[in-house]
Amino acid sequence: MSQTANVLIFDSGVGGLSVYKEIVAKLPQLNYTYIFDNEAYPYGELDHDTLIRRVEAIITRLVAQHQIDIVVIACNTASTIVLPTLRANLTIPVVGVVPAIKPASNLANKALGLIATPATITREYTHDLVRSFSQSKPVEMLGSTRLVDMAEEKLRGNAIDISELSEVLKPVAHHIDVAVLGCTHFPLIKEEIQSVLGEEVILIDSGEAIARRVQGLLGIEEKTAELGKREIFATAPPWEEGALNKALNELGFSPVQYFPLTI
Ligand code: DGL
């Protein structure tokens, strides 16, 4: 694989940027195209069939238009249902992000918390992960769209209300010693979550593992000094676009471009 592979990263919103940051730290020389389906956000409350249809349409079009070499579905809510369809339709590698239950259960002594979207905690895929890897420890699940919104707000420069966050996390706080951040939005508010749950709770996400997987699949050992292109697309006009573009600029992206989806 050449040093300038084209990587496509997908999410419903800005959460996938937490995965992008991990990949780009290892491989800055690659070209990155990021697309977020904000027209159908939040995915944690979207029905199954619509989600699959939209992700398939977006990814297929972008892969063809941008000569993509590898796709990263940087969204747990989507990955837990769309990967088989995408892999059946594409000839390039498709990497998904699913809750890091396995590594987390090895670290837990007391109980494990899975903090994700309302959809992810109901998925059969998630329950299979829990059954396979965390039989001996209790798993407390919390599905919240408010946490996803908070991450969107923080990226646009709005401070998180810690007392509101404590209220949202209340059902799992005090019971667990390890928390899985099972939504890619949550590493963006990791410090705030840590401050509420306490320093003794270990927070685990899948970002670094995904970056290693992408690097392995592309077979590129080293980072180089060049910086690849970075483009970002949205399926609807984003809210607080100016503040969003400012944050995106700091991550190396040019302003958001519109990618209307007609299915
Ligand atoms: N970032 C997404 C995830 O990892 C989904 C957020 C949403 O749209 O509900 O699950």
Side-chain angles (χ1 to χ4, degrees), residues 8-23 34-56 58-59 71-83 86 94-101 104 113-127 129-130 141-156 160 165 168-169 179-190 192-193 203-211 213-214 232-236 238-239 244 247-248 251 256 259 261:
L8 175 61
I9 302 180
F10 172 86
D11 187 29
S12 59
V14 299
L17 293 171
S18 69
V19 178
Y20 161 78
K21 283 191 210 169
E22 299 281 355
I23 306 173
Y34 186 102
I35 171 118
F36 58 107
D37 186 15
N38 55 336
E39 190 180 43
Y41 170 95
Y43 267 23
E45 293 178 19
L46 194 63
D47 76 86
H48 210 276
D49 292 346
T50 309
L51 191 159
I52 296 181
R53 216 165 0 110
R54 293 187 70 89
V55 178
E56 204 186 342
I58 293 167
I59 300 296
V71 176
V72 180
I73 302 299
C75 173
N76 294 260
T77 312
S79 294
T80 47
I81 50 170
V82 297
L83 296 178
L86 289 177
V94 180
V95 179
V97 179
V98 296
I101 304 283
L114 169 61
I115 310 172
T117 64
T120 297
I121 62 160
T122 64
R123 296 264 196 263
E124 205 37 50
Y125 190 103
T126 306
H127 291 269
L129 281 178
V130 170
M141 301 210 196
L142 172 66
S144 168
T145 294
R146 182 63 196 124
L147 288 178
V148 185
D149 288 342
M150 283 180 170
E152 292 278 336
E153 290 163 13
K154 183 182 169 188
L155 194 94
R156 288 161 171 88
I160 304 275
L165 182 62
V168 176
L169 293 173
V180 177
L181 303 182
C183 167
T184 54
H185 278 74
F186 301 164
L188 301 175
I189 53 167
K190 188 174 180 172
E192 292 83 354
I193 294 175
L203 303 185
I204 306 275
D205 66 73
S206 311
E208 222 270 320
I210 297 306
R213 177 90 185 118
V214 168
I232 185 156
F233 297 90
T235 54
W239 61 278
L244 177 65
L248 293 173
L251 293 170
V256 178
F259 181 87
L261 183 67

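Numbering of ligands and ligand atoms starts at 1, following listing order. Remember, it's a predicted structure, so these values are computed and weren't measured experimentally. In what follows, every heavy atom counts, from backbone to side chain, and hydrogens, waters and symmetry copies are set aside.
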Indicate whether the side chain of [X] and that of [Y] have a donor and an acceptor atom separated by less than 3.5 Å.
X: T126; Y: T120; result: no
X: D11; Y: Y20; result: no
X: N76; Y: S79; result: no
X: T184; Y: S18; result: no
X: T235; Y: D37; result: yes

Kindly assign one of parallel, tilted or perpendicular to the pair Y43 and F10, based on the angle between their ring planes and the thresholds 30° and 60°. tilted
Can you name the atoms of ligand 1, numbered from 1 with element, that are less than 4.0 Å from a heavy atom of [X]?
X: P42; answer: 8 (O), 9 (O)
X: H185; answer: 1 (N), 2 (C), 6 (C)
X: T117; answer: 5 (C), 6 (C), 9 (O), 10 (O)
X: V148; answer: 6 (C), 7 (C)

Enclosure of R156 CZ (heavy-atom neighbours >12, cutoff 6.0 Å): yes
Distance from atom 10 (O) of ligand 1 to nearest protein heavy atom, with residue and atom: T77 OG1, 2.6 Å
For atom 9 (O) of ligand 1, closest protein heavy-atom neighbour: G44 N, 2.8 Å
Is T145 near ligand 1, meaning one of its heavy atoms is under 4.0 Å from it? no
Check if C75 has a non-hydrogen atom at a distance under 4.0 Å from any atom of ligand 1. yes
Between the CG atom in L261 and the CD atom in E39, the distance rounded to the nearest 0.5 Å is 6.5 Å
Is it the side chain (CB and beyond), the backbone, both or neither of [X] that lies under 4.0 Å from ligand 1, heavy atoms counted?
X: D11; value: side chain
X: S12; value: side chain
X: N76; value: both
X: Y41; value: side chain
X: T184; value: both

Thinking salt bridges, do R146 and E153 make one under a 4.0 Å N-O criterion? yes
